[in-house]
Amino acid sequence: MSDVTYELRDIDSAGIDALTGRPLLEPGETYTMDHLPNGVAVFRAFEPGTNTPIGPRRRVEIDCPQPLEVAVRGRRIDITNGGGRTVQVRDLDARGGNLLTGRPRLDPGEVLTKRGVAPDSYYVQAWDGGENARLAPPIEVVVEDDEAFFDVEYVATGSSTNAGDEYRIDVGITNTGTEPGMRRVELRFDDEVVATRELELDASASTGIRFVLPGERTIEFEPNRSYTVTADTGDDTGSTEKYVL
């Protein structure tokens with residue numbers, strides 16, 4: 001341990017910007033840096049108030065696996081825990097807008113969805129709630145203030161159906177954008193388009209569409225197999241499975 005007070009600097013030209021100012025460190029003192037991005041930071045000690053270095057440069061590699069995956073679709077945000085452990089999600093209000101209520105916990109593979117989010121920049125970060133420790137750098141999430149976005153809320157097909165029978169498929173759609181809009185909604189069985197519908201919605205409005213099949217066209221389904229039923233607005237898709245007896 002050094003018995004000399006020194007001035008700590010980061011060498012921005014050789015690595016990431018890791019310090020704010022040029023902090024003075026007394027013997028035995030610890031300096032903590034928060035919210036650093038992944039990368040290499042290069043530090044060097046100097047005599048305070050001079051350009052006289054003390055010792056060699058120190059390289060520190062920051063490589064924190066990012067467990068959070070964030071997708072923005074219009075005014076909807078999906079935050080997925082793509083890691084292998086339960087995490088606590090926090091938003092950094094001091095750096096952006098207020099996105100979350102409380103500090104939700106996400107198990108591996110779990111998705112947290114926020115709808116109707118106001119246009120702004122937000123920052124979310126994964127924490128170990130028990131240890132009160134950061135697990136990775138924060139992620140910037142930007143919600144644009146622009147056009148309509150038709151979000152597929154659900155696709156429901158009911159129970160299994162016999163081949164040749166009439167059956168219904170219900171689709172819920174919300175315009176999570178900030179402007180009115182019109183979209184052509186496609187219904188697909190696997191990769192085949194079986195029906196379409198024109199839909200117009202005001203901003204923040206929701207509606208349900210019911211497709212009745214066969215109806216718009218005759219469909220030859222193979223019995224005793226499952227089909228992936230997909231509703232596609234051009235902005236978003238939603239899927240479910242339909243078993244045909």
Side-chain angles (χ1 to χ4, degrees), residues 66-84 89 106-117 119 124 139 141-245:
Q66 179 59 258
L68 298 183
E69 302 168 4
V70 179
V72 180
R73 296 191 290 244
R75 296 181 65 186
R76 166 179 164 176
I77 298 175
D78 291 324
I79 304 172
T80 303
N81 179 3
V89 184
L106 290 183
D107 292 328
E110 188 176 0
V111 181
L112 172 65
T113 298
K114 303 294 291 186
R115 303 180 189 276
V117 178
V124 296
I139 300 174
V141 184
V142 179
V143 177
E144 301 286 351
D145 182 9
D146 52 11
E147 57 193 33
F149 189 96
F150 281 34
D151 183 30
V152 178
E153 303 282 356
Y154 62 84
V155 180
T157 63
S159 59
S160 300
T161 303
N162 292 316
D165 288 352
E166 178 182 279
Y167 55 95
R168 300 170 179 174
I169 299 163
D170 293 312
V171 180
I173 297 175
T174 298
N175 179 4
T176 60
T178 57
E179 299 290 338
M182 178 179 291
R183 296 290 188 273
R184 183 186 187 201
V185 183
E186 287 187 350
L187 184 70
R188 298 195 297 267
F189 271 66
D190 291 343
D191 295 327
E192 182 181 1
V193 177
V194 297
T196 60
R197 189 74 54 82
E198 297 292 332
L199 179 63
E200 185 172 3
L201 285 175
D202 290 332
S204 301
S206 299
T207 192
I209 300 175
R210 171 165 288 178
F211 294 94
V212 179
L213 302 173
E216 299 183 27
R217 56 172 295 180
T218 301
I219 311 159
E220 296 293 337
F221 291 119
E222 298 177 20
N224 301 315
R225 62 158 289 189
S226 181
Y227 289 84
T228 299
V229 182
T230 301
D232 187 345
T233 66
D235 299 320
D236 188 29
T237 61
S239 298
T240 190
E241 296 297 313
K242 178 70 173 179
Y243 193 79
V244 177
L245 299 175

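- When the side chain to side chain donor-acceptor pair (under 3.5 Å) test is applied to Ser239, the partners found at least two apart in sequence or on another chain are Thr230.
- Nearest heavy atoms, Gly82 versus Glu69: CA-OE2, 3.7 Å.
- For residues 230-241, the pairs satisfying salt bridge (charged side-chain N to carboxylate O under 4.0 Å, His left out) are Arg73-Asp236, Arg76-Asp236, Arg183-Asp235, Arg188-Asp232, with sequence neighbours left out.
- Between Arg197 and Arg210, the shortest heavy-atom distance links the atoms NH2-O, 3.2 Å.
- Closest non-hydrogen pair, Ala195 versus Phe211, comes out as CB-CD2, 3.6 Å.
- Asp151 places no side-chain N or O within 3.5 Å of a backbone atom of Thr176 that could act as its donor or acceptor partner.
- Scanning both residues, Gly177 and Ala203, for their nearest heavy atoms gives O-CB, 3.6 Å.
- Rounded to the nearest 0.5 angstrom, Thr233 OG1 and Arg184 CZ are separated by 13.0 Å.
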Verdict with reasoning, Thr237 to Val152, per side-chain contact (heavy atoms from CB on, under 4.5 Å): CA-CA 6 Å; Thr237 61; Val152 178; 5.6 Å; no
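- For the side chain to side chain contact (heavy atoms under 4.5 Å, CB included) test with Asn81, the passing option among Leu112, Val111, Val89, Leu106 is Leu106; the others fail.
- For Thr207, there are no side chain to side chain donor-acceptor pair (under 3.5 Å) partners at least two apart in sequence or on another chain.
- For the atom pair Glu192 CD and Tyr227 OH, the distance stands at 8.5 Å (nearest 0.5 Å).
- Ile169 has its side chain within reach of Phe189: a pair of non-hydrogen atoms, C-beta onward, lies under 4.5 Å apart.
- Shown here is Asp191, whose CG atom has no more than 12 heavy atoms of other residues, nucleotides or ligands within 6.0 Å.
- Of all heavy-atom pairs spanning Gly84 and Pro108, the tightest one is C-CG, 3.7 Å.
- Using a 4.5 Å heavy-atom threshold, the side chains of Val142 and Val72 count as separate.
- Leu199 approaches Ile173 most closely through the heavy-atom pair CD2-CD1, 3.7 Å.
- Looking only at distances, a side-chain donor or acceptor of Asn175 sits under 3.5 Å from a matching main-chain atom of Asp202.
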